[in-house]
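Report on the structure given below.
Below, chains carry the letters A, B, ... as their sequence lines are ordered, and counting in each starts from 1.
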Amino acid sequence: MRELAHSLIRYRLVPTNTTNTSNKPVRVRFAPSPTGDLHVGNIRTALFDWAYARHTGGQFIFRIEDTDRERVTDEYIKAAQDTLKWLGLDWDEGPEVGGPYGPYLQSQRLDIYEEWAAKFLVQGDAYHCYCSSEELEARREAQKAANVAPGYDGKCRSISEGDLAKYKSEGRLPVLRMRMPDGSTTFTDSIRGDVTFDHNFVPDFVLVRGDGSPLYTLAVAVDDIMMKVTHVLRGEDLLSSTPRQIRVYQAMGVVESDYPTFAHLPFVMGQDNAKLSKRNGEVSIAWYRERGFLPEAICNYLALLGWSPGDDRENVTMKELTELFTVERVHSSPARFDMKKLEAINGDKIRELAIDELLKRTVPFLIKDSVITGTPAELEVVKSALPIIQERIATLAEVSQMLKFLFVAKFEVEAEELPKIKDEQSQIVLKKADEILNALSNWEHEAIHEALKKALIEELGLKPRIAFSALRIAVTGSHISPPLFESLELLGRERSLERIAASIN
RNA sequence: GGCCCCGUCGUCUAGUGGCCUAGGACUCUGGCUUCUCAAGCCAGCUACGCGGGUUCGAAUCCCGUCGGGGCUACCA
């Protein structure tokens with residue numbers, strides 16, 4: 001009977017657009033399984049989820065899928081929250097903030113899953129399966145060899161009394177398996193259109209482990225329904241798990257109009273066209289944070305991976321993103337992650353920062369790199385130096401290299417640069433500069449520039465790039481530095497003259 | 001192997017039958033500017049995977065093909 005009832009379960013979800021045709025308030029969830037630091041792909045998903053929720057004025061729900069307690073740790077859960085906060089992806093319901101449909105950690109919802117599982121068993125939608133992993137493995141191998149679709153063969157759909165007694169006496173613990181009826185499932189993916197899965201290729205799947213713990217397939221479906229989620233935007237790796245999820249809705253007795261709308265986001269790939277992973281690029285958001293990438297730059301860049309506003313604009317703020325984001329404009333094809341473009345956008349965002357804001361953001365890097373300790377006097381110097389390096393850096397971490405010459409206790413010219421100031425011509429320049437600057441009373445960069453230009457360019461007849469290069473190295477230690485005259489002013493008269501003198505043979 | 005998804009410059013993308021001799025951005029190359037490095041400005045290179053069809057006309061529609069990816073767990 002039950003089988004019959006499910007024999008024709010084709011259905012279709014109403015096509016959805018971002019204006020949310022249904023009158024239900026939009027509820028979008030980001031539900032990662034933190035088995036490590038959140039990575040670029042997770043964040044791109046989170047960003048789209050968040051942007052969609054904000055765009056529609058709906059709720060953004062943050063749920064932790066920690067049914068696999070072997071791989072998910074408390075540190076990773078904590079790190080995931082920190083990362084989202086750092087990026088500015090604030091959630092309306094979830095860990096810390098709570099909400100009406102909590103708890104939001106699946107490990108705290110075990111009794112809920114247990115209840116539904118029991119119901120499914122009673123209803124006959126699910127059944128106990130006593131097959132051991134070894135047996136399943138063996139049968140899978142056989143299926144593969146026989147070239148038939150692999151998957152559970154339904155052996156335990158009906159078990160004889162005798163077999164049941166035998167399994168129990170052996171102490172076997174059954175898993176709970178969902179009965180997949182004949183037929184097919186079709187759903188409308190907002191990004192991909194109609195997608196159909198023939199149930200011949202969707203085998204009966206496990207809902208509850210032998211030890212009684214729930215699996216993703218059960219928890220995710222139950223939670224999305226119980227939390228009244230209206231839109232599921234997630235990675236395309238979950239596309240083929242959708243018919244299973246829908247099967248659980250059916251067992252739960254949910255009416256079709258209450259199913260969430262699915263949208264499967266394309267992957268973020270690494271350089272080598274494989275899914276982005278540790279092997280082919282940096283994936284951990286924490287890594288980008290340490291490297292001096294701005295959260296708004298990361299979000300801006302990631303927003304452009306698989307989505308575009310439609311016109312030629314590429315620089316969008318978080319606010320603009322929430323205004324412009326629609327699921328219709330999300331691509332269906334995967335995108336490759338390009339560090340170079342991220343860096344370019346990061347540089348642009350740095351240049352947009354007000355000096356006080358830039359100061360606030362760079363100080364932790366300078367302290368971490370032991371360039372400064374953070375005294376008010378140091379901060380003053382950094383602040384006055386930032387305007388001249390702001391357009392020269394692509395990441396915040398670069399400020400240390402740029403400004404350390406202003407703070408080092410014991411200054412030394414970089415070893416490889418030394419020969420460049422020891423030649424005859426450089427020595428002439430340095431001696432002349434020493435003489436001129438010692439006589440200079442006004443130590444402002446314009447005055448310094450004027451004096452040096454007159455002495456070195458006009459009187460000695462040198463090309464500017466030649467003349468100033470030696471001086472640059474002598475004073476900053478490197479042939480790459482912030483503008484020379486401003487650097488001299490910032491360094492101060494005393495230390496500048498000291499360094500020039502020290503560079504003279 | 002089976003099922004499913006995907007296919008425009010090197011990369012991200014615009015493009016939904018004529019506005020496309022395919023636009024923008026990043027990268028790269030050359031130039032300008034310049035005290036180095038950047039930034040900025042200008043210029044250049046490079047793409048509709050392939051083959052059929054439909055049509056007066058196709059990057060856009062259809063079919064096939066090739067290629068890439070995902071899933072195929074008591075992971076998510």
Side-chain angles (χ1 to χ4, degrees), chain A residues 31-33 35 65-68 70-72 129 131-133 136-137 140 143-152 173-177 189 191-192 195-198 200-203 205-211 213 215-217 219-220 234-243 264 266-267 269 271 273-275 301 304-315 331-345 347-348 351 389-394 398 402 449 452-453 456-457 463-469 471-473 476 478-487:
Chain A
S33 184
T35 56
E65 311 236 318
D66 56 347
T67 50
D68 185 355
E70 306 234 324
R71 299 199 301 153
V72 177
C129 169
C131 299
S132 69
S133 316
L136 293 171
E137 182 61 29
R140 256 197 299 276
Q143 286 169 326
K144 231 175 158 182
N147 208 6
V148 296
Y152 189 68
L173 294 172
V175 299
L176 187 70
R177 220 176 254 284
D189 185 290
I191 295 169
R192 286 152 216 281
V195 183
T196 299
F197 287 88
D198 187 321
N200 287 323
F201 308 106
V202 186
F205 55 98
V206 177
L207 296 167
V208 182
R209 292 187 180 88
D211 67 4
S213 60
L215 250 30
Y216 166 79
T217 28
V220 71
R234 49 152 44 160
E236 71 164 291
D237 49 334
L238 268 357
L239 183 64
S240 54
S241 85
T242 306
H264 289 92
F267 283 123
M269 320 283 269
Q271 302 297 343
N273 204 24
K275 208 175 154 186
Y301 174 65
L304 265 19
L305 245 37
W307 174 84
S308 82
D311 51 22
D312 288 337
R313 67 197 298 183
E314 300 219 312
N315 189 334
H331 257 235
S332 50
S333 52
R336 233 137 313 202
F337 185 85
D338 181 10
M339 181 76 85
K340 280 282 201 303
K341 182 136 184 176
L342 205 212
E343 283 172 358
I345 289 178
D348 289 341
R351 267 162 245 130
I389 65 164
Q390 186 168 24
E391 68 185 25
R392 296 182 157 68
I393 54 174
E398 289 168 44
M402 284 281 192
H449 190 175
L452 288 172
K453 197 169 118 189
L456 302 176
I457 313 302
K463 283 199 186 306
R465 62 189 309 138
I466 305 289
F468 297 139
S469 173
L471 204 48
R472 178 189 312 284
I473 294 169
T476 70
S478 168
H479 77 282
I480 297 173
S481 82
L484 179 59
F485 313 111
E486 285 84 346
S487 295

Practice task
Would you state whether a donor and an acceptor, one from the side chain of Arg465(A) and one from the base of rC35(B), lie under 3.5 Å apart?
Solution key: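 Side chain to base: no pair below 3.5 Å.
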When you measure from the side chain of [X] to the backbone of [Y], do you find a donor-acceptor pair of N or O atoms at a distance under 3.5 Å?
X: Thr476(A); Y: Ser487(A); result: no
X: Ser33(A); Y: Glu65(A); result: yes
X: Ser481(A); Y: Ser478(A); result: no

Hey, does [X] reach any base, or is it just sugar-phosphate, or nothing, if we go heavy atoms under 4.0 Å?
X: Pro464(A); result: sugar-phosphate
X: Leu484(A); result: base
X: Glu486(A); result: base
X: Ser481(A); result: base

Exercise for the section: Could you tell me whether Lys340(A) and Glu343(A) make a salt bridge, using a distance below 4.0 angstrom between a side-chain N and a carboxylate O? Expected result: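 A salt bridge is absent here (no side-chain N lies under 4.0 Å from a carboxylate O).
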Exercise for the section: Take Asp66(A) and Arg71(A) through the test side chain to side chain contact (heavy atoms under 4.5 Å, CB included) and record every step on the way to the result. Expected result: CA-CA 8 Å; Asp66(A) 56 347; Arg71(A) 299 199 301 153; over 6 Å; no
[atom1] atoms of [N] and [M], separation to the nearest Å:
N: rC9(B); M: rG15(B); atom1: P; value: 16 Å
N: rG23(B); M: rU33(B); atom1: P; value: 29 Å
N: rG51(B); M: rC56(B); atom1: C1'; value: 23 Å
N: rC20(B); M: rU27(B); atom1: P; value: 27 Å
N: rU60(B); M: rC3(B); atom1: P; value: 26 Å
N: rC28(B); M: rC12(B); atom1: C1'; value: 16 Å
N: rG68(B); M: rA25(B); atom1: C1'; value: 25 Å
N: rC4(B); M: rU29(B); atom1: C1'; value: 43 Å

Taking pairing as Watson-Crick or G-U wobble with both contacts under 3.5 Å, can you name the mate of [N], or confirm there isn't one?
N: rG1(B); result: rU72(B)
N: rU34(B); result: none
N: rG67(B); result: rC6(B)

Problem - Close side-chain approach of Leu304(A) and Ile345(A), heavy atoms under 4.5 Å - result: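 Sidechains of Ile345(A) and Leu304(A): in contact.
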Handout entry: Heavy-atom side-chain contact between Arg192(A) and Glu236(A) under 4.5 Å
Key =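 In contact.
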For the pair made of [atom1] in [X] and [atom2] in [N], what is the distance, rounded to whole Å?
X: Ile345(A); N: rA39(B); atom1: CD1; atom2: C1'; result: 17 Å
X: Ile393(A); N: rA38(B); atom1: CD1; atom2: C1'; result: 11 Å
X: Asp198(A); N: rC3(B); atom1: CG; atom2: C1'; result: 9 Å
X: Gln143(A); N: rG2(B); atom1: CD; atom2: P; result: 15 Å
X: Lys144(A); N: rC3(B); atom1: NZ; atom2: C1'; result: 15 Å
X: Ile457(A); N: rU34(B); atom1: CD1; atom2: C1'; result: 13 Å
X: Phe267(A); N: rC4(B); atom1: CZ; atom2: P; result: 17 Å
X: Arg392(A); N: rC37(B); atom1: CZ; atom2: C1'; result: 6 Å

Handout entry: Heavy atoms from other residues, nucleotides or ligands near CZ of Arg465(A) exceed 12 (cutoff 6.0 Å)
Key =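 For Arg465(A), atom CZ is not crowded (no more than 12 foreign heavy atoms under 6.0 Å).
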Exercise for the section: Would you please classify the geometry between the His449(A) ring and the Phe485(A) ring as parallel, tilted or perpendicular, with 30° and 60° separating the classes? Expected result: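 Parallel.
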Distances under 3.5 Å only, N/O to N/O: pair up the protein atoms with those of nucleotides 72-76 of chain B.
| from | atom 1 | to | atom 2 | distance (Å) |
| --- | --- | --- | --- | --- |
| rA73(B) | OP2 | Arg140(A) | NE | 3.4 |
| rA73(B) | OP2 | Arg140(A) | NH1 | 3.4 |
| rC74(B) | O2 | Gly210(A) | N | 3.0 |
| rC75(B) | OP1 | Arg209(A) | NE | 3.3 |
| rC75(B) | OP2 | Arg209(A) | NE | 2.8 |
| rC75(B) | OP2 | Arg209(A) | NH2 | 2.8 |
| rC75(B) | O2' | Asp68(A) | OD2 | 2.7 |
| rC75(B) | O2' | Arg71(A) | NE | 3.4 |
| rC75(B) | O2' | Arg71(A) | NH2 | 2.6 |
| rC75(B) | O2 | Arg71(A) | NH2 | 3.3 |
| rA76(B) | OP1 | Thr67(A) | OG1 | 2.6 |
| rA76(B) | OP2 | Tyr216(A) | N | 3.0 |
| rA76(B) | N6 | Arg244(A) | NH2 | 3.0 |

Problem - Out of rC5(B), rG69(B), rC4(B), whichever nucleotide has its closest atom nearest the side chain of Arg192(A) - result: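 Of rC5(B), rG69(B), rC4(B), rC5(B) is nearest to the side chain of Arg192(A).
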Problem - Val195(A) side chain, from C-beta outward: closest of rA39(B), rC37(B), rC4(B) - result: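 Closest nucleotide to the Val195(A) side chain: rC4(B).
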Problem - Residue pair Arg234(A) / Thr242(A), side-chain donor-acceptor N/O under 3.5 Å - result: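 The answer is yes; a qualifying pair exists.
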Exercise for the section: With sequence neighbours left out, write down each residue that passes side-chain contact (heavy atoms from CB on, under 4.5 Å) with Ser133(A), or none if nothing qualifies. Expected result: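 Counting only residues at least two positions away or on another chain, Ser133(A) forms no side-chain contact (heavy atoms from CB on, under 4.5 Å).
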Problem - nucleotides 9-16 of chain B: protein proximity per nucleotide (B base, S sugar-phosphate only, - neither; heavy atom, under 4.0 Å) - result: --SBSSS-
